[in-house]
Every structure is written in C-alpha cells, then in structure tokens.
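I have placed the structure first, in the form of structure tokens, so that the comments after it can refer back to it.
Residue numbers run from 1 in the order of the sequence given. All values below come from the heavy atoms of this structure, side chains included, with hydrogens, waters and symmetry mates left out.
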Amino acid sequence: MGVLTAAELNFLVFRYLQESGFIHAAFTLGYEAGIHKGGIDGNAVPPGALITIVQKGLQYIELEANTEENDEEIEKDFALLEPIEIITKDVEELQQLVKKRKRERSQTDREKDRGKEKERNEEHEWRPGGERERDRHDKEKEQVREKDKSEKDREHEKEKEKEKQHTERIDKIKHDEDSLAGGGPTPMDVSVTAQEISSTDVTVLEGHSSEVFACAWSPTGSLLASGSGDSTARIWTIPDGPCGSNMQSSPLGVHVLKHFKGRTNEKSKDVTTLDWNGEGTLLATGSYDGQARIWSRDGELKQTLFKHKGPIFSLKWNKKGDYLLSGSVDKTAIVWDTKTWECKQQFEFHSAPTLDVDWRNNNSFATCSTDSMIYVCKIGEQRPVKSFIGHQSEVNAIKWDPTGSLLASCSDDGTAKIWSMKQDKCVFDFKEHTKEIYTIRWSPTGPGTNNPNQQLLLASASFDSTIKLWEVEQGRLLYSLAGHRQPVYSVAFSPDGEYLASGSLDQCLHIWSVKEGRILKTYRGTGGIFEVCWNKEGSKIAACFSNNTVCVMDFRM
C-alpha cells in the first residue's frame, strides 16, 4: 500500500481548515508548513478530501475487521486495497475488490496447500496411522474454526446493537443541541418569519477564481473592494440604480489589483484583509506574502510596504489618514507613515501571531493575538501603555467603541469581554456563547456618533451559530439571534444602527431588526459567507462568498 507523505497530509489539513472556515489557522499552517512550496495542484484535490480519506479509512478498517472465513489464515499485513481505491470507490465496490482478491489469494494458497499436502502424504505413507492422525487434526481444526465463527457472529451482533444505541444517543444529543441553540427556543423558521430576497434582485459579481475573504465599500462614492485567495483584489463600480440579475449583462466597471508578477497566481499572495482610507482615495491590502500594498481608486499600485516576515491578518487606517497600522503572523504590529511610506514604529510585544489591530484615536491603538493577550500601544512609547489579561485562548478580534473609551474583545474561549483604560480587570465578561466567538461589532449609536440618542450595543458572532446583542451600559444580553444553522463569520450594523446584517457558513445572509431582534429579510447564496458590509447610505449590502463570488443587494423597508 502506498504511503501518504507529510507534505500531502499537511495540504489536506490546510484545505480542511480553509473549507471549514478556520481562516487564521489555515494561514498559520500554510505559512509554517510552506504549503505553497509543496508543488501540490490544489485543483486536483476534491473538496472535503480529508474527511473522505478518514471516512474511507474507517470503511477499510471495518472491512478488515469483518473479513469472512479463514480470517486466521490472512496475513497480518492486510493490504488488499490501494490508497487511490480507498479514496475513489464506495464501500460496495471495495467489498467486491476484496472478495475478488481474496479469491485470487485463496487459489494461490490452495495451490500451496496442495503442494504441502502431497509432501505430507508422501511422509505419512511409511508412518502407521498417519492418515488417521491427519483426519483427526483436520476435524479438530474445523471445530475450532466453527466455534470462532459463531463467537464472531455473536460479537458482531453485540457491536451492531451498541452502534444502534450510540447512533440513537447522538441523534438525541443533536436534537437537544438544535433545541438549545442560543440558549432559548428552536431557531426561528426563516422561511416563515422573513421575506426571501430573490436571486433576480441580487447582482452577482463574478471574476475571482478562488474564495473571496474580504469586502469593503468606499466611504465616499459607489466603489466596492474585494480580496480573494486568487492573489487579486478587485475594485468594482456599483451603479446607483436597483440591483438585479439584469445588471450582470451590462459590463460593470472593475479594476483587477494583481498581487503577483507574471501569469501564475501564487498561493502565498492571498489577499487576507483590506481597508479604505477615510477619503476613499486609497485602498490598502494585506497579503499572505507579508506585504502591504497601497492602491489608487483606479487600481494603480502606488506603494508596496516590506517589513513583515509573515502573513498580514489586519490592516487599518487611522481617522486622520496619516498612519496605517498592520498586524502580522510574525507577532508584530507596524505603524507606517503615509507621507513617506516608511515604517514609523514596529511593536514587538506579543509572543504569538497578531490577529487583529484597531485604532483608539489617531496615535494609539490596540492589538490582540493567539497568545491570549491584548496590548494598548502608543506611537513613540517603547512599552504597552496598558495590558489586558483575562482571555483563556486566542483573541480573534478587538474593537474600540465610537468614543474610544471601551474596548471589546472576543476569543476562542467562548467569551466576549469589555475593557476600560481606567481599570485592569474587564468591565463585563459575557459568557453566554457556547463555542468560539469569531468577531464583534459596535453599533454606530450613542455619544460620538450620528445617532447619539440611541443606546450603544455590541454584537458578537459565534461558531455556536448565534449572534448575541449586548446592552453595554448595564452589561446585559438584549437578544440571542438564532436564525443561522452554522458558524457565523461576519456581522455589520447599518449606518443608522437600526439593522444588523449577518453572514454564515450556512450560505445565508440575514438582515435583522435590532429593535425587535427578529429576521426581516434573508438571501440564500450558494457558498459560505466570509464578510458582509453596508454602503455609507445604508441602501446596499455586499457579501463575499466561498464560491468565488461577491453579491450586492438593495435594502429598503
């Protein structure tokens, strides 16, 4: 039987992590294992290959355990099947193959036995009682075999009964989990409670040749940027009129921002993050190759920033636009001076990859990492001005509230926390999620916003399939939004703070009423959703998908 190499196994795990939506883990593994240097053609590996191999392996073990007859005579290096057969054939075909090869092996064994029998007969011809001894020995052997077979049958029946009970238990647990999703009643039936957005009312932007991980509207005008695993970002011009499938027929303005030279798109150039400056004149993109690139709104490459030694996961302009902040797998954060495009300061405080960065004001910011730590840093200071300790696992995202006084964080430990510069311990510790929390967003409401009379809220999106809305003055759970069936990767408040869009691996984009905590509209796509975002007017929503597309739809109530 052929051997699966370490490089092949790494690639399968990398693809599994990507397909399951564990983007940070996939990037880290890809970087450390040098996946892009392995020479493996990703197009030749089918989706779900790792799961298929594990399942086929289980089937193979089952076949091995349930071989009939003469089990004791089968050699210990049971190798009737090749890896490619295990991957590509179903269990019935494998069983036929095993039977055929067993017949062939049995025939060979019988020929060997006949040769041995002949030798024994010749030997017994001069030994008295030799024939009777052999008959008795064969009879005893046959009795032992029958006894073993009946015991095996009984064991097999017991195993089947155990398996049946186990399956019933699992089904019950799954049912209970579904019922308890979000700590409340069964998730609402979206088709009944929400208006379905028809595919004819959605503009599908096609052109990327791999998953689209990030999307962002320009703060001025009707430009939409998208970043993909195909080593490109794109800037799309979205007309002001209504969205719809008829728009696909008319050519949309699009600029392709290539992150590679030549004709081949290298995996190491995946576009991982992007952000517009406040004026909407420049787009910054972060890439798997550790470089940040600055582009004009016309798609012209203005600057390439070299200094990070690993993939960039987060990239943010400050409000004034004179500094750009980047966080990388190399454990550091860098502030770039946008007048000279030189590194203003590199911050090396974390002991593991930096996952997110966020500006507090024009010269101070926060960083978080897989090392469970959060640091507040200031340009010119050589040490963190504040360290927040409390999370028990990697911190996935951090966000300052609109006034820059409260910092929200979320983690793989299943908690979201709110911190204040006035104290070391967290102000609130939200523990209602049952799985990892992937992202958080503040509402554009309360002091310092365009909606000062509405209360400030925090939304958290989790792998437990729920979104939770928190009222932060009292630190209480306002709503648990249970409409998705798979991990939720992105949430975004509308500019007026009245609506929340959410995107999930279940291929659904939901638009919720923040006031009522219910789904108003739903769009069902054909791929997992990595990010959702609103345009500045709150009239259009964009979502980027794992099936290489970006979808844009109108929002009117």
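Crowding of Asn450 atom CG: a count of heavy atoms from other residues, nucleotides or ligands under 6.0 Å not exceeding 12. Annotation: Glu8, atom CD; neighbour count of heavy atoms from other residues, nucleotides and ligands within 6.0 Å is above 12.
At least one donor-acceptor pair closer than 3.5 Å links the side chain of Glu471 to the backbone N or O of Glu473. Remark: side-chain polar atoms of Asn318 are paired, donor with acceptor, to backbone N or O of Tyr323 under 3.5 angstrom. Proximity of a side-chain donor or acceptor of Gln507 to a complementary backbone N or O of Leu505 within less than 3.5 Å is not detected. Checking side-chain atoms of Arg234 against main-chain N and O of Gly207 turns up a donor-acceptor pair under 3.5 Å. Looking at Glu300, its side chain never comes within 3.5 Å of a backbone N or O of Trp295 through a donor-acceptor pair. Distance alone, capped at 3.5 Å, is enough to place a donor-acceptor pair between the Thr338 side chain and the Gly321 backbone. Formation of a donor-acceptor pair under 3.5 Å by the Trp236 side chain with backbone atoms of Leu205 is not found in this model. A donor-acceptor pair under 3.5 Å is absent between the side-chain atoms of Ser460 and the main chain of Ile440, judged by distance alone. Ser228 places a side-chain N or O within 3.5 Å of a backbone atom of Ser210 that can act as its donor or acceptor partner.
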Practice task
Please assess Asp289 against Lys269 for the test salt bridge (Lys or Arg N to Asp or Glu O under 4.0 Å), listing each intermediate value before the final yes or no.
Solution key: CA-CA 5 Å; Asp289 63 4; Lys269 313 272 187 190; 3.4 Å; yes
Checking side-chain hydrogen bond (donor to acceptor under 3.5 Å, both in side chains) for the pair His259/Thr232: CA distance, chi angles, key distance, verdict? CA-CA 6 Å; His259 288 60; Thr232 74; over 6 Å; no
- Using the ring-ring contact (aromatic ring centres under 6.0 Å, His included) rule, take Phe545 and Phe530 through it: C-alpha gap first, then chi angles, then the decisive distance, then the call. CA-CA 6 Å; Phe545 289 76; Phe530 289 121; 9.2 Å; no
Worked check of side-chain hydrogen bond (donor to acceptor under 3.5 Å, both in side chains) between Arg524 and Thr522: CA-CA 7 Å; Arg524 296 176 191 275; Thr522 287; 6.0 Å; no
Practice item. Mind running side-chain hydrogen bond (donor to acceptor under 3.5 Å, both in side chains) on Thr415 and His433 for me, showing each step along the way? Key: CA-CA 7 Å; Thr415 72; His433 281 292; over 6 Å; no
Quiz item: Which is it for Lys468 and Ser480 under the side-chain hydrogen bond (donor to acceptor under 3.5 Å, both in side chains) test, yes or no, and what are the steps along the way?
Solution: CA-CA 5 Å; Lys468 298 197 188 295; Ser480 183; 2.7 Å; yes
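Each of Ser369, Ser372, Ser409 was checked for a side-chain hydrogen bond (donor to acceptor under 3.5 Å, both in side chains) with His391, and the lone residue meeting it is Ser409.
A salt bridge does not link Asp230 to Lys258: none of the charged nitrogens lies less than 4.0 Å from a carboxylate oxygen. A salt bridge does not link Lys399 with Asp358: none of the charged nitrogens is closer than 4.0 Å to a carboxylate oxygen.
Side-chain polar atoms of His350 and Thr332 form no donor-acceptor pair below 3.5 angstrom. Side-chain contact annotation: Asp412 with Asn396, donor-acceptor N/O pair under 3.5 Å present.
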